[in-house]
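Basis for what follows: all heavy atoms, side chains included, without hydrogens, waters or symmetry-related copies. Bear in mind that the values here come from a model prediction, so they are computed numbers and not experimental data.
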Amino acid sequence: MNKRRSEERERQVKFGSDVKIFAQIGDPLEHSCTSYIHNSMYALGNVNAVNFNVVVKRGELPQFAEAAKVMHLSGFGITMPQKTDIIPLLDECDEFSRIFNSVNHVKIENGRLIGKGMDGLGMRIKCAAGNSCKSRKENGLLYL
């Protein structure tokens with residue numbers, strides 16, 4: 001067996017009972033490549049984890065949050081429109097996420113939902129680095 005094939009075989013993730021299961025939730029999710037990117041990174045790093053998309057429509061978030069705990073998910077990522085709706089359901093949330101009213105990652109630890117938003121943190125890091133905090137809009141996309 002050649003060296004490359006041997007390395008590929010070693011990188012193959014072998015899901016066992018200790019697999020970390022994550023979900024990407026939102027509606028719609030057709031545009032989302034998050035699960036693909038995360039699963040590719042897990043495979044490359046030989047991490048025993050998997051990420052999958054779950055369509056969660058507006059109003060279904062409380063049921064999903066409870067189901068995620070029952071299914072022992074390790075956590076989930078959130079896209080619109082639930083980034084704001086998740087905050088009242090969290091057991092813990094960082095200050096920046098509350099200020100920006102946006103959470104896009106939830107870790108489930110001992111049955112507790114712990115939320116963190118990267119949107120506000122990313123903006124703070126950009127501004128703290130001395131970069132311009134002005135935005136421009138091109139082709140319908142907002143660039144900071």
Would a distance-only check, ignoring hydrogens and angles, find a side-chain to backbone donor-acceptor pair under 3.5 Å from Asn104 to Met118?
yes
Distance, nearest 0.5 Å, that separates CD of Gln24 from OG of Ser32
4.5 Å
Could you see if Tyr36 belongs to whatever hydrophobic cluster contains Val19? Use Ile, Leu, Val, Met, Phe, Trp, Tyr and a side-chain cutoff under 4.5 Å.
no
Measure the spacing between CG of Asn53 and CD1 of Ile25 and express it to the nearest 0.5 Å.
10.5 Å
Tell me the closest heavy-atom pair linking Gly59 and Gln63, and the distance in Å.
O-OE1, 3.3 Å
Do Val54 and Val50 belong together in a cluster built from hydrophobic side chains that touch within less than 4.5 Å?
yes
Separation between CD (Glu60) and CG (Asp27), nearest 0.5 Å, reads 8.0 Å
State whether the side chain of Asn51 and the backbone N or O of His38 hold a donor-acceptor pair below 3.5 Å, judged by distance alone.
no
With a 4.5 Å cut-off on side-chain heavy-atom distances among I, L, V, M, F, W and Y, is there a chain of contacts connecting Ile21 to Val106?
yes
Listed pairs under 3.5 Å, donor-acceptor, residues 82-96 side chains, sequence neighbours left out:
unit_1, atom_1, unit_2, atom_2, d
Gln82, NE2, Val56, O, 2.4
Lys83, NZ, Asp119, OD2, 3.1
Thr84, OG1, Asn101, O, 2.9
Asp85, OD1, Arg58, NH2, 3.3
Asp85, OD2, Arg58, NE, 3.1
Asp85, OD2, Arg58, NH2, 3.1
Asp91, OD2, Leu113, N, 2.8
Glu92, OE1, Arg112, NH1, 3.3
Asp94, OD1, Ser97, OG, 2.5
Asp94, OD2, Phe96, N, 3.3
Asp94, OD2, Ser97, N, 3.2
Asp94, OD2, Ser97, OG, 3.3

Determine whether more than 12 heavy atoms belonging to other residues, nucleotides or ligands lie under 6.0 Å from atom CZ of Phe52.
yes
All side-chain hydrogen bond (donor to acceptor under 3.5 Å, both in side chains) counterparts of Lys107, not counting sequence neighbours:
Glu109
Let me confirm one number: the CD1-NZ distance from Ile114 to Lys116, rounded to the nearest 0.5 Å.
11.5 Å
Counting only pairs under 3.5 Å, give me each side-chain donor-acceptor contact of residues 66-81, with atom names and distances, residues two or more places apart or in other chains.
unit_1, atom_1, unit_2, atom_2, d
Glu66, OE2, Lys69, NZ, 3.1

